Each structure stands twice: as C-alpha cells, then as structure tokens.
Undergrad: 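The following block contains the structure, expressed as structure tokens.
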Amino acid sequence: MNQSGSGSYSFAANDLFGFQVECVDCVSGISSITISDFLFTPPFIPPSGIVSGNNATASNPYSTTFAGGTLLVDIPGIFPTSFNTGMGGTIDINGLPSIFTGVFSGLGNLSFVNSSRGGFLVLGGASTYTGSTTVGPGANLIVNGSIASSSGLDVTSGGLIGGNGSLPQTNLVAGARIAPGTSIGQITASGLSLNGGTIEAELQGPQTDRINVTGNVTNFSGTVNLMAFGGGTPWPMMAYEILSAPNSTAFASFNSVTLNPSGVTSALLQFGTTLTQEVDGNPRTFDIQWRPLNGLGATTSALQFLGKGYGNQLAAGGVFDRVFLSLASNAANNTNNTGAVIGTTGFTTGQAAAAGISPDFLSATNQLLSLTTGSTLIAAVSSLSPEPYAAFQSVGLNTLKRQRELLLGQAGNCSTTGWVVKAPARKDDKPSRHPFCFFAQGANATSSINGQNGLSSYNAGIFSTFYGVEYQAGPQWTLGAAYGYGSSYMNNMALSNGHVTANVNSVSLFGVYKPSPAWTLRGLFGYGSFNGNGSRTLSFIGNGSAITANPSADGFTLALNADVLIPLSKSTARTPFYLKPLLGIAWGSYQQGSFHESNSGALNLNVQRHAANSLLGTVGVELVTAPIPLNSSNTISITPRLAIAYQVDALGGNTENKSLTSSFVQAPAAGSFTTQGENRGTNTLTVDAGVDLKLAKNASIYANLGYEFFSNGSQFTYGGGLKVKF
C-alpha cells in the first residue's frame with residue numbers, strides 16, 4: 001500500500017470485492033490509495049458443506065455434507081443423492097411430499113422440520129449415520145429403510161414417525177405420534193418410550209399395524225388411535241397385537257393407555273362390543289379386542305342394546321356371530337393368509353375357506369360390519385331372515401280353513417244353493433229320491449295380521465272357487481266331491497320387505513248324515529296343492545337384487561261338524577225361525593317343502609321342509625229362517641241367516657307351527673337358524689251373515705259376508721254363488 005500522508009484506515013465489507021475503504025483523520029496531501037495494495041481472500045467462494053445461512057435445495061444441493069445448515073425440499077419428487085451428516089444439519093420438508101433413496105452417513109445429528117404445512121419425507125435407504133435424530137413439530141418422517149444406527153430418535157409434539165423400516169431407541173412425548181406402516185405395516189425399533197405420545201394403528205380384517213421392539217418399552221402411557229383402513233374394518237373377537245417387545249420388562253396392563261376408536265365407525269362394534277386392551281395376559285405385548293357385550297356375539301349384543309333383541313333378529317344375527325368367531329379362530333395373527341385378497345375386507349380366500357364361508361359371504365359380512373348407524377344395522381339384519389315364508393304357513397292354514405268351511409256350509413244344502421238335476425221319474429210315479437246337484441262357489445277373504453314380540457305385521461288374502469257335485473244316496477245320506485281353484489297371498493311385511501303368492505288347486509270329499517230331521521253331521525277330507533312365488537329385498541347389504549324363491553306345499557285337512565235345528569216359532573208361523581247350535585273340530589296341515597332361494601348369491605337361503613298344523617275347535621250358534629216371500633206368488637223370496645262362532649286353535653300358540661329352519665348357502669360353517677312368522681293366534685270370534693235371494697221359480701243368488709276377530713288381527717270375508725234348478 002502506498003501512502004503519502006498520515007492517518008488511519010478502516011475496512012468494511014460492501015466494496016467491489018466485498019470491502020469498503022475509509023480514511024480516518026487523514027491529513028491533506030494524501031497522494032493516492034491503490035486498491036492493489038490490499039491483499040485478501042474473496043468471500044464469495046462457498047464454504048465447505050451445507051452451512052447455516054446458506055440453505056441448499058434438494059433438487060440442486062451445492063454440497064452433500066451437512067455443516068450445520070439446512071437442506072430445503074424445494075420441489076416434490078424422488079431424490080437419490082446420498083449425504084454425510086458431517087457436523088449435523090436439518091432437512092426442511094417444506095410442506096411437500098418427497099422420497100430420499102440415498103444413504104445418510106457420518107457422525108452428525110439430523111433434524112427434520114417443516115416450515116410449511118402438510119407433506120412428508122420418506123427415507124428409503126439403509127442409512128449408517130450415528131448422530132441423533134429429531135422429528136420436529138409438523139414434520140412427518142416415514143422410514144422405509146433404516147436409521148437404526150442413529151444414537152436415538154426423539155419425536156417432539158406435533159411430529160410423526162412412521163413407515164416399515166428400522167428405528168433406534170425411539171422417544172415420544174405428549175403430542176408426538178408413531179404410525180407403523182405406510183398402509184397396514186410394521187415398524188421396528190430397538191427401544192420405545194411412549195411417554196404420553198400416541199400410537200396410530202390402522203386395522204383391516206385380520207391385519208393391523210404393528211410396532212416390533214427388540215429391546216425395552218418404557219413409560220408406556222399415552223393414547224392409541226384406532227382407524228379402519230381401505231374400506232375394511234376391524235372385526236369383533238379378533239385379537240389385534242399392536243406392539244410386541246418379547247425382550248422387554250413388563251409394560252402392558254389392562255389400562256396402560258387410552259384407546260380412541262373414533263376412526264372405526266361400525267355400528268355393530270359401537271353398539272355390540274366393548275373395546276378391551278391387554279386381553280392375552282402377556283405384559284410384553286399390547287393387544288386389543290372388540291368383545292361382545294353379552295359374551296356371546298357382537299351382532300346379537302348390538303340388537304339387544306338397540307332394543308331389537310327379538311327372536312328373528314337374534315337368530316339371523318347369531319349366524320354372523322358364529323362367522324365372526326370362526327374367522328377369529330382361523331385367521332388369528334393373520335394365519336391361513338393364502339390365495340387372493342377378498343375385496344377390501346383384509347381377508348384372503350384361504351382364510352375364508354378355513355372359516356367355512358365363501359368369499360362372497362365374507363364380503364357381505366363386511367358390508368354388515370361397515371354400516372354406520374343403528375337403524376341401518378337393524379334393517380339389514382331384519383331383512384336377512386325368511387320371515388315371509390314362515391308367515392305364509394299361517395296363510396296356508398287359513399286357506400285350508402276357508403276351503404273346508406265353505407264346503408261344509410254347502411254340504412247337504414245343494415238343493416238350496418246349487419243346480420239341481422233330478423233323476424227320471426220312477427215307474428210308480430213317485431219322485432226320485434236320488435237327485436244329483438251341481439254347485440259353484442266363490443269367496444274372498446282379506447286379513448290384517450298384527451306382528452307381536454318383534455315379528456312383522458302383514459296383509460293376506462285368499463280367493464277360492466269351488467266346482468262340485470252332490471249325490472243324495474238316501475234320505476239320510478249325501479255324498480259330494482269338489483274341485484277348487486284359487487290363490488293366496490301375503491304382502492306388506494313390515495320388517496323383511498317380503499311377499500309370497502301361491503296358486504292353489506284342491507280336491508275335497510265330503511259327506512252328510514242326518515240321523516233325524518233336526519240333527520246333521522258333516523265330515524270332510526281335503527287336499528290342496530300350493531305352488532308359490534316369493535321374494536324379499538335386503539336392506540343396505542347384498543348386491544341390490546331381490547331374492548326370489550318358488551316354495552311349494554301340500555295341504556291336508558279333516559273336519560267334522562254337528563248341528564241341531566231348534567224351532568223358535570210355532571210350526572204354523574208364516575215365517576218360522578230356527579236356532580242352530582253348532583259344534584265342530586277340524587285339523588289342517590300345511591306341509592311346505594324345502595326350497596332354495598336365488599338371485600342374491602352370498603345371502604341366498606336354503607329353507608328346510610316344515611309342517612305347520614292347526615287343531616281347531618268350534619262352538620257357535622246360527623239363527624235362520626224359512627224363506628220370506630217378497631211377492632204374493634212366492635216367486636221372489638229372501639232367506640237370511642246370522643251366525644256367531646267362537647274358535648280355539650289348540651296349536652295356534654305353538655312356536656313350531658309358525659317357524660322355519662334355514663341356512664345360508666355360502667356359509668355352511670355358520671349352521672342353521674330358526675325364523676318365526678306371525679300367525680292368527682289361538683282365539684277367533686266370527687260373525688257371519690248370509691242371504692239367499694230367490695229371483696224366479698228356478699233361479700236364486702246367494703251371498704255371504706263375514707268378519708273375524710282373532711288374537712293377532714282381523715279378517716273380512718265375502719262370497720256368493722248362483723243356484724239354478726233344471
């Protein structure tokens with residue numbers, strides 16, 4: 001430096017080369033200052049490594065060695081670069097998703113922070129650095145490789161560590177989270193101190209996230225968040241081991257941590273189970289299980305909790321509880337995990353086969369388990385049973401009852417209600433004592449059945465026609481036969497959305513014996529063939545198709561009635577009145593054959609053969625009159641009648657006479673279950689009125705109206721016919 005005056009100089013940055021020259025106390029006469037007189041090292045040359053104040057970027061780092069600085073993730077992507085932790089440094093996730101596939105080596109400490117929100121960073125390589133690791137607030141670090149060489153991992157409040165890789169001693173605090181896997185997976189740590197932190201565990205079928213600890217677990221307190229994964233759900237009775245540390249001192253107890261199942265929305269689990277921790281009794285593992293409230297089954301427990309613990313619902317729900325138990329036994333710890341994956345259930349075809357159910361039935365069970373409200377769960381279970389077919393047995397028995405009552409009312413009265421054909425006159429000019437009589441009848445009945453004790457209400461109807469012949473074998477005997485055709489139906493079933501219709505063909509034989517003019521005995525044997533069509537619609541589960549079936553049945557009936565005609569007026573009265581007390585007994589049997597449903601696949605039922613029986617006793621009284629003339633020539637007249645009867649079905653209250661046994665075709669391991677359908681009950685009060693209107697000498701019409709009050713509903717009947725004498 002050349003100087004021709006006196007004074008002092010100071011140097012500061014910011015001149016052309018990074019310095020500023022200033023003369024202090026300079027005197028006049030300074031000749032010049034030559035910059036070349038100053039010797040220096042230009043400061044714009046970057047220092048060695050990623051140093052503080054000189055952030056590097058993941059997409060273009062100026063160094064691969066940390067020297068206390070920060071590596072910023074500037075774009076989302078995959079970065080294969082390997083780094084040396086050197087004197088330690090920081091990686092800023094910066095709210096972006098990124099994957100580092102390289103190896104981190106060296107002695108320095110490594111911290112992960114997030115200067116923005118969201119994002120994650122995945123470490124995929126087998127790193128060897130020996131410094132400590134810290135996950136800061138808002139940082140989500142996923143280790144799919146290994147950082148097991150690190151001297152220790154600290155996860156601070158707001159930070160998350162996850163993945164399928166290997167970790168060193170891992171320490172959490174309140175607000176810190178550890179989430180094994182990247183979906184369902186396992187993470188391994190040499191030690192774990194939960195210390196008020198949170199474990200986040202996803203569950204799907206028999207699979208669960210899991211933490212494997214090779215050393216000690218300490219300070220095991222905090223929260224476990226449980227979440228359903230991938231459209232699946234955890235299953236009742238399945239034991240889920242979330243943490244295993246076989247070499248640790250004892251750490252787990254029945255109340256070690258707080259369980260948070262808010263990520264599991266299954267109504268069946270919510271209402272039917274209690275979530276229990278540490279069920280295996282091993283204090284070196286942490287496990288959970290959704291256990292049934294009633295100790296028997298989660299589905300039946302849920303129905304009871306929701307106030308629907310009735311027979312049909314419990315019977316159908318019990319099938320699924322047996323499936324849950326079978327799966328829990330045969331897929332424990334994810335055993336039998338062979339074959340193809342079954343949808344989003346988490347199970348495999350091998351596990352379904354081991355449990356004795358089809359993949360489709362397992363998927364349907366998963367649908368039931370995934371329902372989120374109590375009302376949908378109740379509706380779904382209620383729609384599963386074959387209740388329409390069980391209830392139709394009562395309709396079948398009522399059809400047989402209608403047939404025999406119509407024919408017994410006709411028997412012996414063909415001369416007043418039929419088409420009479422007299423035999424040719426005898427040679428002695430006496431009238432024929434053996435006329436033939438043909439008759440035709442039609443009648444309808446509509447009834448409303450009120451379901452009791454959880455059984456469905458429904459409507460039913462019966463239409464019957466008869467075509468028959470009577471033969472008067474003598475003064476005291478009349479024989480007859482009739483062919484009947486009609487139909488029966490039931491619909492508007494409240495709970496199971498089902499209906500059944502059947503065409504009915506019948507043949508009946510009957511006889512009448514009159515030991516005296518006042519007394520009449522009537523007997524009947526009848527057979528009916530029922531050819532049906534039925535359907536029911538599932539609620540909220542299944543493939544959306546109506547399930548159909550073609551049930552058929554044989555009906556048999558026997559009846560014997562006795563009545564006596566008691567005059568209420570003098571024989572000389574213009575219109576005599578009579579009282580006719582009546583006693584009767586009748587048996588009916590509706591024998592439904594076995595059948596198989598179709599269209600729904602997994603939830604089709606096999607319904608077993610069953611016979612429902614009725615034994616009906618009748619006591620009644622009828623008020624009748626002789627024909628009442630409506631004109632002077634007696635060509636038009638009316639004959640009214642009114643009857644009241646009380647009937648008791650001795651078998652009406654027997655469960656077996658309104659039940660059916662069935663099983664799911666694709667769940668043989670679940671066994672069979674019994675379903676009931678509401679019937680008429682035990683007691684019936686009948687009021688019946690009839691009128692015979694004579695329109696001409698040889699032609700009449702007749703009609704009947706009736707109303708029945710029975711234990712579980714009521715029925716309205718009407719019918720009539722035409723009488724012609726030839």
Side-chain angles (χ1 to χ4, degrees), residues 303 307-318 378-379 381-402 445-462 488-502 530 532 534-539 547 549 551 553 555 588-592 595 605 607-608 610-616 647-662 673-686 707-717:
L303 293 169
K308 297 297 180 181
Y310 299 116
N312 284 356
Q313 289 87 346
L314 295 181
I378 292 169
V381 175
S382 298
S383 69
L384 287 167
S385 72
E387 188 178 5
Y389 308 111
F392 193 77
Q393 295 179 113
S394 178
V395 180
L397 287 173
N398 193 28
T399 301
L400 297 174
K401 176 178 180 291
R402 288 291 296 160
T446 59
S447 58
S448 177
I449 308 296
N450 301 321
Q452 307 291 324
N453 300 318
L455 299 182
S456 293
S457 300
Y458 59 90
N459 296 326
I462 300 167
S488 303
Y489 72 86
M490 62 80 56
N491 58 20
N492 294 331
M493 178 157 274
L495 296 178
S496 58
N497 303 315
H499 74 271
V500 182
T501 62
F530 295 77
S535 72
R536 57 189 180 94
T537 303
L538 298 177
S539 298
I547 303 178
S589 181
Y590 180 83
Q591 300 180 7
Q592 183 168 269
F595 62 91
L605 289 168
V607 180
Q608 298 179 16
H610 188 78
N613 295 284
S614 170
L615 183 60
L616 194 67
Q647 297 177 317
V648 176
D649 187 349
L651 304 178
N654 291 4
T655 300
E656 61 269 21
N657 287 319
K658 57 181 181 179
S659 301
L660 283 178
T661 300
S662 58
F673 65 104
T674 299
T675 299
Q676 295 183 31
E678 191 60 271
N679 64 5
R680 292 163 54 98
T682 302
N683 303 296
T684 301
L685 178 64
T686 300
Y707 202 82
E708 295 183 2
F709 304 88
F710 42 82
S711 298
N712 298 325
S714 59
Q715 178 172 275
F716 174 67
T717 62

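Note that the structure is predicted; figures quoted are calculated from it, not measured. Sequential numbering from 1 along the given sequence is applied to the chain's residues.
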Undergrad: Do Thr661 and His610 make a side-chain contact, defined as non-hydrogen atoms from C-beta onward lying under 4.5 Å apart?
TA: no
Undergrad: Any idea which heavy atoms bring Asn683 and Val648 closest together, and the distance?
TA: OD1-CG2, 3.8 Å
Undergrad: Heavy atoms, side chains only, cut-off 4.5 Å: are Thr684 and Asp649 in contact?
TA: no
Undergrad: Using the test side-chain hydrogen bond (donor to acceptor under 3.5 Å, both in side chains), find all partners of Gln313 that sit at least two apart in sequence or belong to another chain.
TA: Ser382
Undergrad: Would you mind telling me which of Asn613, Leu397, Val395 makes a side chain to side chain contact (heavy atoms under 4.5 Å, CB included) with Tyr590?
TA: Leu397
Undergrad: Strictly by modelled atom types, are Asn312 and Thr675 linked by a side-chain donor-acceptor pair under 3.5 Å?
TA: no
Undergrad: Grab the two heavy atoms, one from Ser589 and one from Gln591, that are nearest each other, plus how far apart they are.
TA: OG-NE2, 3.1 Å
Undergrad: Could you give all pairs that pass the side-chain hydrogen bond (donor to acceptor under 3.5 Å, both in side chains) test and reach residues 452-462, with sequence neighbours left out?
TA: Glu387-Ser456
Undergrad: By side-chain hydrogen bond (donor to acceptor under 3.5 Å, both in side chains), which residues pair with Ser659, not counting sequence neighbours?
TA: none
Undergrad: Walk me through it: do Leu651 and Ser614 pass the test side chain to side chain contact (heavy atoms under 4.5 Å, CB included)?
TA: CA-CA 5 Å; Leu651 304 178; Ser614 170; 5.6 Å; no
Undergrad: For Phe595, enumerate each residue passing the ring-ring contact (aromatic ring centres under 6.0 Å, His included) test, keeping only those at least two apart in sequence or located in another chain.
TA: Tyr389
Undergrad: With rounding to the nearest 0.5 Å, note down the distance linking OG in Ser662 to CD in Gln608.
TA: 7.5 Å
Undergrad: What is the ring orientation for Phe392 with Phe530, classed by angle as parallel under 30°, tilted 30 to 60°, or perpendicular over 60°?
TA: perpendicular
Undergrad: If you take all heavy atoms of Ser383 and Ser539, which pair is closest and at what distance?
TA: OG-N, 3.0 Å
Undergrad: Quick one: pull up CZ in Arg402 and CG in Leu400 and give me the separation to the nearest 0.5 Å.
TA: 12.5 Å
Undergrad: Restricting to non-hydrogen atoms, name the atom on Pro386 and the atom on Leu660 that form the minimum distance, rounded to 0.1 Å.
TA: O-CD1, 4.4 Å
Undergrad: Rounded to the nearest 0.5 Å, what separation is found between the CE atom of Met493 and the OG1 atom of Thr537?
TA: 12.5 Å
Undergrad: Measure the spacing between CZ of Arg680 and CG of Leu616 and express it to the nearest 0.5 Å.
TA: 8.0 Å
Undergrad: Taking Arg536 for its side chain and Leu384 for its backbone only, find out whether a donor-acceptor pair lies under 3.5 Å.
TA: yes
Undergrad: Could you list all the salt bridge (Lys or Arg N to Asp or Glu O under 4.0 Å) pairs where at least one residue sits in residues 651-661, not counting sequence neighbours?
TA: Lys658-Glu678
Undergrad: I need the Ser385 OG to Gln676 CD distance, nearest 0.5 Å.
TA: 10.5 Å
Undergrad: Search all heavy atoms of Ala445 against all heavy atoms of Thr717 and return the closest pair with its distance.
TA: CB-CG2, 3.7 Å
Undergrad: Please evaluate residues Leu303 and Tyr310 with respect to the criterion side chain to side chain contact (heavy atoms under 4.5 Å, CB included), reporting the C-alpha separation (whole Å), side-chain torsions for both, the decisive distance (0.1 Å), and the verdict.
TA: CA-CA 8 Å; Leu303 293 169; Tyr310 299 116; over 6 Å; no
Undergrad: Could you tell me which residues satisfy salt bridge (Lys or Arg N to Asp or Glu O under 4.0 Å) with Lys308, sequence neighbours excluded, listed by chain and number?
TA: none
Undergrad: How many angstroms lie between atom CZ of Phe709 and atom OG1 of Thr686, to the nearest 0.5 angstrom?
TA: 9.5 Å
Undergrad: Can you name the closest pair of heavy atoms from Thr682 and Gly653 and give their distance?
TA: OG1-N, 3.7 Å
